[in-house]
S.K.: 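Here you go, one structure.
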Amino acid sequence: MGWQMPRNFGSGIPKSSTYSGYKREASNFSSVCAGEQRFGLRVFQSKGSECMMKKMIGMGMLAAAVLLTGCATRTKMAFENEGDTLTANSKPVLLMTVTLKNHYKTSHQPKLLVVNVEKPDAKESSERFNFTMDDKAKAESDKPETGNNYFIRMELEPGPYKIMGLTSTSTGFLINGYFFAPLHSDIVAKKSGVYYLGHVDAIVRERKGEEFRAGSPVPLIDQAVVGASGGTFDVTISDAIDKDEALFRARFPALKGVTITKDILPAFDRAKAQAWWQAH
């Protein structure tokens, strides 16, 4: 069987003109197969090796679209460069820490790729921001007990935004799996300054009933092996500033002598995440 990605990759990655272009090309490759629509995915019945090869090419193009373009504006995080400093005219910087764990398929601990942020009612790729992980963000252990940890620094123009969620991956021999941990957290980038949003724990466990998935169902084998299709995320948001503030200051010299103001995210709303997942 073959497949075609849905509009949001089945797990919350936003649409963009670049992604749509890849999607059209993949559709062309798959046009030799008869198909039907199921759960937002176009499922094709194979008609021989030629059809299968063309669908595999289409799959690769779609994966490239997600990985290489991110389907939104690739946004560097604050303090990526050693010489970065803060001034009275700097944009507001929003800090948070993230821990990802997989308690369902423990040999596949998710590694964070992107924090997906949007403006309210975003329609264009320029209104979506993919804060991609740099080396300074990562404190990865790959152990199910401690998980993989990240130091997020989002520099934004003042105004309202929504943190849609966290896109992550787990790879192995011939396996490339992808996860999406939903947040749907409303935030406001205020005046110039540094603000601490809290600590996010996102843990994959086995899915029950119709709970939202921890990732897309496709590619079928990869997503099943890493636990994305058969798992869901338990998400907890907490105030860990007593620990995190010292860690941020140690990692990023630009924060020396700078006041960090608490602005903790609201508690994770699972019902809201479930409703969004069902609608997409």
S.K.: Under a 4.5 Å side-chain heavy-atom rule over Ile, Leu, Val, Met, Phe, Trp and Tyr, are Leu94 and Leu265 clustered together?
M.R.: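 Yes, one cluster joins them.
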S.K.: Strictly distance-based, threshold 3.5 Å: is any side-chain N or O of Glu211 a donor or acceptor partner for the main-chain N or O of Arg207?
M.R.: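 No, Glu211 side chain to Arg207 backbone: no donor-acceptor pair under 3.5 Å.
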S.K.: Give the C-alpha distance, both sets of side-chain angles, the deciding distance and a yes or no for side chain to side chain contact (heavy atoms under 4.5 Å, CB included) between Phe79 and Leu255.
M.R.: CA-CA 9 Å; Phe79 321 135; Leu255 292 173; 3.9 Å; yes
S.K.: Is the shortest heavy-atom distance from the side chain of Ile187 to the side chain of Ile163 under 4.5 Å?
M.R.: yes
S.K.: If hydrophobic clusters are built from ILVMFWY residues whose side chains come within less than 4.5 Å, do Val117 and Val188 share one?
M.R.: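 No, no single cluster joins them.
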S.K.: Checking Thr146 against Ser141: is there a side-chain donor and acceptor pair closer than 3.5 Å?
M.R.: yes
S.K.: With a 4.5 Å cut-off on side-chain heavy-atom distances among I, L, V, M, F, W and Y, is there a chain of contacts connecting Leu197 to Val115?
M.R.: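 Yes, because Leu197 and Val115 connect within a single hydrophobic cluster, where side-chain heavy atoms sit under 4.5 Å apart.
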S.K.: Can you list everything that forms a side-chain contact (heavy atoms from CB on, under 4.5 Å) with Ala267? Sequence neighbours excluded, please.
M.R.: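 side-chain contact (heavy atoms from CB on, under 4.5 Å) list for Ala267, sorted by chain: empty.
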S.K.: Out of curiosity, Arg128 CZ to Asn130 CG, how far, rounded to the nearest 0.5 Å?
M.R.: 10.0 Å
S.K.: Of all residues at least two apart in sequence or in a different chain, which pass the salt bridge (Lys or Arg N to Asp or Glu O under 4.0 Å) check with Lys143?
M.R.: none
S.K.: For residues Trp276 and Met164, determine if any side-chain heavy atom of one lies less than 4.5 Å from a side-chain heavy atom of the other.
M.R.: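 Side-chain contact under 4.5 Å: yes.
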S.K.: With sequence neighbours excluded, what pairs up with Glu206 under the side-chain hydrogen bond (donor to acceptor under 3.5 Å, both in side chains) test?
M.R.: none
S.K.: Without placing hydrogens or testing angles, list every side-chain donor-acceptor pair under 3.5 Å for residues 230-238, not counting sequence neighbours.
M.R.:
unit_1	atom_1	unit_2	atom_2	d
Thr232	OG1	Phe212	O	2.6
Thr232	OG1	Arg270	NH2	2.9
Asp234	OD1	Arg205	NE	3.1
Asp234	OD1	Arg205	NH2	3.4
Asp234	OD2	Arg205	NE	2.8

S.K.: Taking only residues two or more places apart in sequence or in another chain, which ones pass side-chain contact (heavy atoms from CB on, under 4.5 Å) with Ile221?
M.R.: Ile175, Val225
S.K.: If you measure from OG1 on Thr171 to CG on Leu174, what distance do you get to the nearest 0.5 Å?
M.R.: 11.0 Å
S.K.: Minimum heavy-atom separation for Tyr161 and Ala189, please, with both atom names.
M.R.: CE1-CB, 3.9 Å
S.K.: Counting only heavy atoms not in Lys272, do more than 12 fall under 6.0 Å of its NZ?
M.R.: yes
S.K.: Excluding sequence neighbours, so at least two apart, what forms side-chain contact (heavy atoms from CB on, under 4.5 Å) with Ala137?
M.R.: Met77, Met133, Asp134, Arg153
S.K.: Who passes side-chain hydrogen bond (donor to acceptor under 3.5 Å, both in side chains) against Tyr150, sequence neighbours left out?
M.R.: Glu140
S.K.: Does Arg249 use its side chain to pair, donor to acceptor, with the backbone of Lys256 at less than 3.5 Å?
M.R.: no
S.K.: Side-chain donor-acceptor pair under 3.5 Å between Thr99 and Asn149, yes or no?
M.R.: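 A donor-acceptor contact under 3.5 Å links the two side chains.
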S.K.: With side chain to side chain contact (heavy atoms under 4.5 Å, CB included) as the test, would you mind laying out the steps for Lys190 and Asp263 before giving the verdict?
M.R.: CA-CA 10 Å; Lys190 302 173 183 177; Asp263 191 12; 3.5 Å; yes
S.K.: Which pairs, with at least one residue in residues 93-106 and sequence neighbours excluded, count as a salt bridge (Lys or Arg N to Asp or Glu O under 4.0 Å)?
M.R.: none
S.K.: Looking only at non-hydrogen atoms, find the nearest pair between Pro110 and Ser168 and report the distance.
M.R.: CB-OG, 3.4 Å
S.K.: So, using side-chain hydrogen bond (donor to acceptor under 3.5 Å, both in side chains) as the criterion, who are the partners of His184 when residues are at least two apart?
M.R.: none
S.K.: Between the side chain of Ser90 and the main-chain N/O of Thr87, is any donor-acceptor distance below 3.5 Å?
M.R.: yes
S.K.: Which heavy atom of Val114 sits nearest to which heavy atom of Thr132, and what is that distance?
M.R.: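 Taking every non-hydrogen atom into account, CG2-CG2, 3.8 Å.
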S.K.: Evaluate Val93 against Leu86 for side chain to side chain contact (heavy atoms under 4.5 Å, CB included), listing each step before the verdict.
M.R.: CA-CA 9 Å; Val93 175; Leu86 292 169; 4.1 Å; yes
S.K.: Main chain of Pro219, side chain of Asp222: is a donor-acceptor contact present, judged purely on distance under 3.5 Å?
M.R.: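 No: the side chain of Asp222 does not pair with the backbone of Pro219.
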S.K.: Do Val98 and Asn148 pass the side chain to side chain contact (heavy atoms under 4.5 Å, CB included) test, and can you show the C-alpha distance, the side-chain angles, and the key distance before you say yes or no?
M.R.: CA-CA 8 Å; Val98 170; Asn148 293 323; over 6 Å; no
S.K.: Consider only side-chain N and O atoms of Arg213 and Ser229, and report whether a donor and an acceptor are under 3.5 Å apart.
M.R.: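 Short answer, no.
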S.K.: Thr261: which residues meet the side-chain contact (heavy atoms from CB on, under 4.5 Å) condition with it, sequence neighbours left out?
M.R.: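 Here the qualifying residues are Tyr195, Thr259.
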S.K.: Quick check for you: to the nearest 0.5 Å, what is the distance between Lys91 atom NZ and Ser192 atom OG?
M.R.: 11.5 Å
S.K.: Donor-acceptor pair, distance only, cut-off 3.5 Å: does the side chain of Lys136 make one with the backbone of Glu80?
M.R.: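 Side chain of Lys136 to backbone of Glu80, a donor-acceptor pair under 3.5 Å: yes, one is there.
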S.K.: Output all residues satisfying side-chain hydrogen bond (donor to acceptor under 3.5 Å, both in side chains) with Asp244, sequence neighbours left out; order by chain, then residue number.
M.R.: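 side-chain hydrogen bond (donor to acceptor under 3.5 Å, both in side chains) check on Asp244 returns Thr97, Tyr196.
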S.K.: What pair of heavy atoms forms the shortest contact from His103 to Pro144, and how long is it?
M.R.: NE2-O, 3.6 Å
S.K.: Side chains of Asn102 and Phe179, heavy atoms from C-beta outward: is any pair under 4.5 Å?
M.R.: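 Yes, at least one pair of side-chain atoms sits under 4.5 Å.
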S.K.: I'd like to check the ring pair (Phe, Tyr, Trp, His ring centres under 6.0 Å) partners of Tyr104; sequence neighbours left out, ordered by chain and number.
M.R.: none
S.K.: Are the side chain of Gln278 and the backbone N or O of Ala275 linked by a donor-acceptor pair below 3.5 Å?
M.R.: no
S.K.: CD of Gln223 to OH of Tyr178: how many Å apart, nearest 0.5 Å?
M.R.: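 With rounding to 0.5 Å, CD (Gln223) is 8.5 Å from OH (Tyr178).
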S.K.: Just verifying a value: how many Å separate Gln274 CD and Glu210 CD, rounded to the nearest 0.5 Å?
M.R.: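 Answer for the CD-CD pair, Gln274 versus Glu210, is 8.0 Å.
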S.K.: Taking C-beta and beyond as the side chain, do Arg251 and Leu247 meet within less than 4.5 Å on heavy atoms?
M.R.: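 No; the side chains remain at least 4.5 Å from each other.
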S.K.: Between Val204 and Gly227, which heavy-atom pair has the shortest distance, and what is it?
M.R.: CG1-O, 3.9 Å
S.K.: Answer yes if Leu166 and Leu156 sit in the same cluster of Ile, Leu, Val, Met, Phe, Trp and Tyr residues linked by side chain heavy atoms under 4.5 Å apart, and no otherwise.
M.R.: yes
S.K.: CG of Leu100 to OG1 of Thr169: how many Å apart, nearest 0.5 Å?
M.R.: 11.5 Å
